[in-house]
Structures are given as structure tokens and as C-alpha cells.
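Report on the structure given below.
Numbering of ligands and ligand atoms starts at 1, following listing order. The shown structure was predicted, so the numbers you read here are calculated from the model rather than taken from an experiment.
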Amino acid sequence: MNRRKFLINGSTILAGLFIAKSPFSLYADHHEHGDHTHSYELPKLRYAFDALEPHIDKRTMEIHYGKHHQGYVNKLNAAVGNNHDLADQSIEDLLRNIDKVPMKIRQSVISSGGGHANHTLFWSTMIPGGRELKGKVAESLQSTFGSLDAAKEKFTNTAKTHFGSGWAWLVVDDNKKLQIYATKNQDSPFMQGHTPILGLDVWEHAYYLKYQNRRADYIDAWSKVVNWTQVNLNYTTAMKA
Ligand code: MN
């Protein structure tokens, strides 16, 4: 059994569970077709569309996951489809090696590949009821930012004050240190050699139906469904990599 097959089987087994065994399975989204072409696929959602109510509403989930994320996947496949050197890579590796992507399709890979990776992480770090922030990532947040409250406040302010479309991130950087920052559009932290372990989508499409222009209310609601158990697992895996 090769690695890709194993990961596909692994993620099939994990479908329906709330915790992935490692972040790598979050990005094990390749499907191997009989004709040896590969394509990126929408990851399975680990909860129902209405499971995050009332914080994140069902209609937003349906459109955000089913239309927006699917759209990024479709555009990514259209961009890299015939280039096996690119399409055979995991989405993480594709973005980490963005400077090897031909200029002709690079922006398309940044936008749609970033969109695919970012949303894959986003879905996996939410869970009905949320989970307590503890473990190694809590210790590291405390020592890096002074306290858990200070870390949460920095993340929240980063998300609130980012102008226009983009994401707020908690990442493990290339020196294995935690950083909090925002990126514009669908720019992925992988492109600068960082590993995102928590991401918050602040595009209007993520909240407009329920919260309209009230981004702060959306961020507050999102904070109640964060799966810190998954974030801690993402952290410990990134630290070992
Ligand atoms: Mn989005």
C-alpha cells in the first residue's frame, strides 16, 4: 500500500470522527483515478451543516462549504489538471513550493489552492460546543503571548481589524515559534514556510447571511465552536515535523 492510498483509506476511516489523527490527513485530499490522473477533492465535513447553530448557521455552512470551497477545488483542478508534477503533490506541498509553479498559473494556484487548504483547516478546527484550550499549545500560547487571554485577544483583534477579505492565523513558523497574523484573500501561510494550525475566515461570505456587516459578532460566535483539541494536535504534529 503506497502512502497516498494509505492516507485515502485513513481519511475514509476517520470520516465521521471529530478528531483527525494528524493534520496530514486534513490535507490527504487526493483522489487517484484509474487513468492515473489526480485531482483535489472537497474534504468530508465531520459534522452536519446545522451542527454549529446558532453560532454558525446552516445556510451559511451549505453555501460556504458546498459552493465556495467546492469552487476553489474545481478551479484548482482546472489550473493544475494536466500538470502531473504539480497535481501529484499534496495541497500543502503545492503551496510550500509555490515558487516552482509556472507563472502562467501561479496566481490561480495561490487563490484556489490557498482557498482549498484554508477552508480544509477551517472546517476541521470547528466542532459543536467547542473544546477547551489546554495542552501543549496552551502552554506555548501562554509563554509566547503572556497569557491565554492575551493570545486570544491578539487573534481576535487581528481578525477584526484585517481590512477586506482574508484570514486570521495561528501558525507554527519556520523557527517552531507561534505567530498570529492575517493574510489577504486566500494567501496561505504555507507559502512562507509556516504551518497554519488555526485559521479564521473573515471573508464576508463566511458571515454575511447571518451577521451582515457585524464581523465582531461573527468572530465572537466562532470562538464558541473552536476545536482546540484539534488545534493542539495540529500544534504537536507541526512541532515534530
Ligand atoms: Mn471562505
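- A distance of 7.5 Å separates CG of L42 from OG1 of T120, quoted to the nearest 0.5 Å.
- Heavy-atom contacts from other residues, nucleotides or ligands closer than 6.0 Å to CZ of R59 number 12 or fewer.
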Worksheet item: Given Q212 and Y207, is the side chain to side chain contact (heavy atoms under 4.5 Å, CB included) satisfied, shown in steps?
Response: CA-CA 7 Å; Q212 293 80 48; Y207 61 89; over 6 Å; no
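- Residue N82 qualifies as open at atom CG: its count of foreign heavy atoms under 6.0 Å is 12 or below.
- Protein N/O/S atoms found under 2.8 Å from the Mn ion (ligand 1), listed by chain and residue number: H64 NE2, H119 NE2, D201 OD2, H205 NE2.
- Counting only N and O atoms by type, the side chains of D57 and T60 include a donor and acceptor under 3.5 Å apart.
- The hydrophobic cluster containing L209 also includes I63, under a criterion of side-chain heavy atoms closer than 4.5 Å among ILVMFWY residues, counted directly or through chains of members.
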